[in-house]
Peer 1: 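Before anything else, here's the structure in question.
Counting starts at 1 for both ligands and their atoms, following the listed order. The structure displayed is predicted, hence computed values, not measured ones.
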Amino acid sequence: MLSQAVILVGGQGTRLRPLTYRLPKPMIPVLNRPFLEHTLAYLKSHGVGSAILALSYLPEAIQSHLGNGANHNMALSYAVEASPLGTAGAVKNAEPYLEGTFAVLNGDIFTDLNLDAMLGFHRSRGAEATIALTRVDDPCSFGVVETEEGGRVRRFVEKPSPDQVTSHWINAGVYILEPEVLRHIPQASHYMFERGLFPRLLELGEPVYGYPFSGYWLDMGTPEKYLNLNCDLLSAKVISHLIPDLSRDGVSCAADTVIHPSASISGPVVIGGGSRIDRGARITGPVVIGADCRIGEGASLERAVLWTGVSIEAGSRLKQCLVNRSETGGKEQVISFGQP
Ligand code: GDD
Ligand code: MG
């Protein structure tokens, strides 16, 4: 069993703007709980009792929320970068906290990958580094990993152009590493796994393996993927260990939610505390409504995620969208996809 994992929390999540101006990407709410809490619950379910958060963007927001991890039954440590050190540099910066074989997770992925099975594979191959691989239709925004039979990695192509795509198996952003690989990462300088350490290990002839898996996997780094993640969890396409008893086709709402008797709500729907659903409103799941929201008279919502404190005007019709309140002026901003 793995006992330690490093979670990479850097970058500004530029593709998720305007959601991440004041909130680091891993703190954005998924089913009304910060994304990172789902990741910690996932790690815990695999027996990982200690996580090191490698932070470079808005570290205080994360540290003040999670503290020492006691509320999550997890021992948390923080390795904060003065300036971004890149994915591998961030793990080097966490070296003082590491002992023995450990896992590394990109801080923006949601998966049900079986870490124990991956560790068994890593050990059986005598690997120094094992990279989880998932199959995607379009690998161009990911890192393609070519492997030989038996799983040994032959080549990496990070963010290939369409004519460079030689495989649909990509780096899923979960690694199992032996501590020895850390000696190949320069101290206190910017260095990446994807373009730096992993190709270097291949040059050195070190055993680097790819572990293909077929379970759920999603990088929630774009607004549309983020919406999909919320909807997939609501429709039980994948389960979060943080909320294992979520009502699958029903309506989970806080005790103080006020719902007008003429409103119609069909699940799966999650509603946060202090929200109010007015006369004749129609909510058709999957829908997440944050705390202190108000859905005006006759408004309709379908396949949507609303953040805290959002007010939907009477009669509005919203479908396939995210709604939050902008920092300036407190106006609602709607990010919508596809048909209105
Ligand atoms: N601490 C720290 N410091 N974390 C960082 C830094 C840094 O300087 N730079 C990036 N990160 C974190 C990000 O916050 C994210 O959690 C993770 O490292 C990966 O960075 P992304 O910016 O999300 O990369 P990507 O999605 O384009 O590509 C990566 O993930 C793909 C899978 O989702 C690569 O690893 C690809 O090869 C991979 O396929
Ligand atoms: Mg990403």
Peer 1: Just to check, does F198 reach to within less than 4.0 Å of ligand 1 when the distance is taken from its heavy atoms?
Peer 2: no
Peer 1: When you check the side-chain N and O atoms of E146 and S167, is any donor under 3.5 Å from an acceptor?
Peer 2: no
Peer 1: Would you say the side chains of E332 and S311 form a donor-acceptor pair under 3.5 Å?
Peer 2: no
Peer 1: Give me each pair satisfying side chain to side chain donor-acceptor pair (under 3.5 Å) with a member in residues 211-231, each pair once, sequence neighbours excluded.
Peer 2: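 Of all non-adjacent pairs touching residues 211-231, those that pass side chain to side chain donor-acceptor pair (under 3.5 Å) are Y216-D232, Y226-W307, N228-R303.
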Peer 1: Determine, using ring centers only, whether Y42 and H46 are less than 6.0 Å apart.
Peer 2: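 H46 vs Y42: aromatic centres under 6.0 Å.
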Peer 1: So between L218, D108, N171, L8, whose heavy atom ends up nearest atom 21 (P) of ligand 1?
Peer 2: D108
Peer 1: Below 4.0 Å, non-hydrogen atoms only: which portion of D219 touches ligand 1? Side chain, backbone, both or neither.
Peer 2: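 The answer is the side chain of D219.
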Peer 1: Drop me the distance from I265's CD1 to R282's CZ, to the nearest 0.5 angstrom.
Peer 2: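 Answer rounded to 0.5 Å: 12.0 Å.
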Peer 1: Give the atoms of ligand 1, by number and element, whose distance to some non-hydrogen atom of G143 is under 4.0 Å.
Peer 2: 36 (C), 37 (O), 38 (C), 39 (O)
Peer 1: Between T101 and E178, do the side chains contain an N or O donor and an N or O acceptor separated by less than 3.5 Å?
Peer 2: yes
Peer 1: Below 4.0 angstrom from a heavy atom of P84, which ligand 1 atoms are there? Numbered from 1 as shown, please.
Peer 2: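 Counting from 1, the qualifying ligand atoms are 8 (O).
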Peer 1: Under 4.0 Å from a heavy atom of G86: give me the atoms of ligand 1 that qualify, with their elements.
Peer 2: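 What qualifies from ligand 1 is 3 (N), 7 (C), 8 (O).
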Peer 1: Using 4.0 Å as the upper bound for N to carboxylate O, is an ion pair formed by E158 and R195?
Peer 2: no
Peer 1: Would a 4.5 Å heavy-atom cut-off, applied to side chains only, mark E128 and E180 as touching?
Peer 2: yes
Peer 1: Output the list of atoms in ligand 1 that are nearer than 4.0 Å to some heavy atom of Y175, sorted by atom number.
Peer 2: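 Here the atoms of ligand 1 in question are 35 (O).
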Peer 1: Tell me whether ligand 1 is touched by W217 - counting only heavy atoms on the residue side and a distance under 4.0 Å.
Peer 2: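 Yes; W217 lies near enough to ligand 1 that a heavy-atom distance drops under 4.0 Å.
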Peer 1: Looking only at non-hydrogen atoms, which of E81, K159, K25 approaches atom 3 (N) of ligand 1 most closely?
Peer 2: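 Answer by nearest heavy atom: E81.
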Peer 1: Salt bridge check, R33 against E37: does any charged N sit closer than 4.0 Å to a carboxylate O?
Peer 2: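 Yes, this pair counts.
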Peer 1: Based purely on interatomic distance, does N106 place a nitrogen or oxygen under 3.5 Å from a nitrogen or oxygen of ligand 1?
Peer 2: yes
Peer 1: Would you kindly specify which portion of A90 sits under 4.0 Å from ligand 1, judged on non-hydrogen atoms: side chain, backbone, both or neither?
Peer 2: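 Within the 4.0 Å criterion, A90 contacts ligand 1 through side-chain atoms alone.
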Peer 1: Kindly give the atom name of the N, O or S atom of D219 closest to the Mg ion (ligand 2).
Peer 2: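 Checking each N, O and S atom of D219, the shortest distance to the Mg ion (ligand 2) belongs to OD2.
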Peer 1: Can you see whether E313 engages S316 through a side-chain donor-acceptor pair at a distance of less than 3.5 angstrom?
Peer 2: no
Peer 1: Which of the atoms in ligand 1, numbered in the order shown and given with their element, are less than 4.0 Å from a heavy-atom of L85?
Peer 2: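 Listed by number with element: 8 (O).
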Peer 1: Using a 4.0 Å cut-off to any heavy atom of E194, which atoms of ligand 1 qualify?
Peer 2: 34 (C), 35 (O), 37 (O)
Peer 1: Heavy-atom distance under 4.5 Å between the side chains of I176 and M118, does that happen here?
Peer 2: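 Yes, their side chains come closer than 4.5 Å.
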Peer 1: Just jot down the ligand 1 atoms closer than 4.0 angstrom to any heavy atom of T87, in number order.
Peer 2: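 The atoms of ligand 1 under 4.0 Å from a heavy atom of T87 are 10 (C), 18 (O).
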Peer 1: Would you name the N/O/S atom of D108 that lies closest to the Mg ion (ligand 2)?
Peer 2: OD2
Peer 1: Quick check: does I109 get an N/O under 3.5 Å from an N/O on ligand 1?
Peer 2: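 N/O-N/O distance under 3.5 Å: no.
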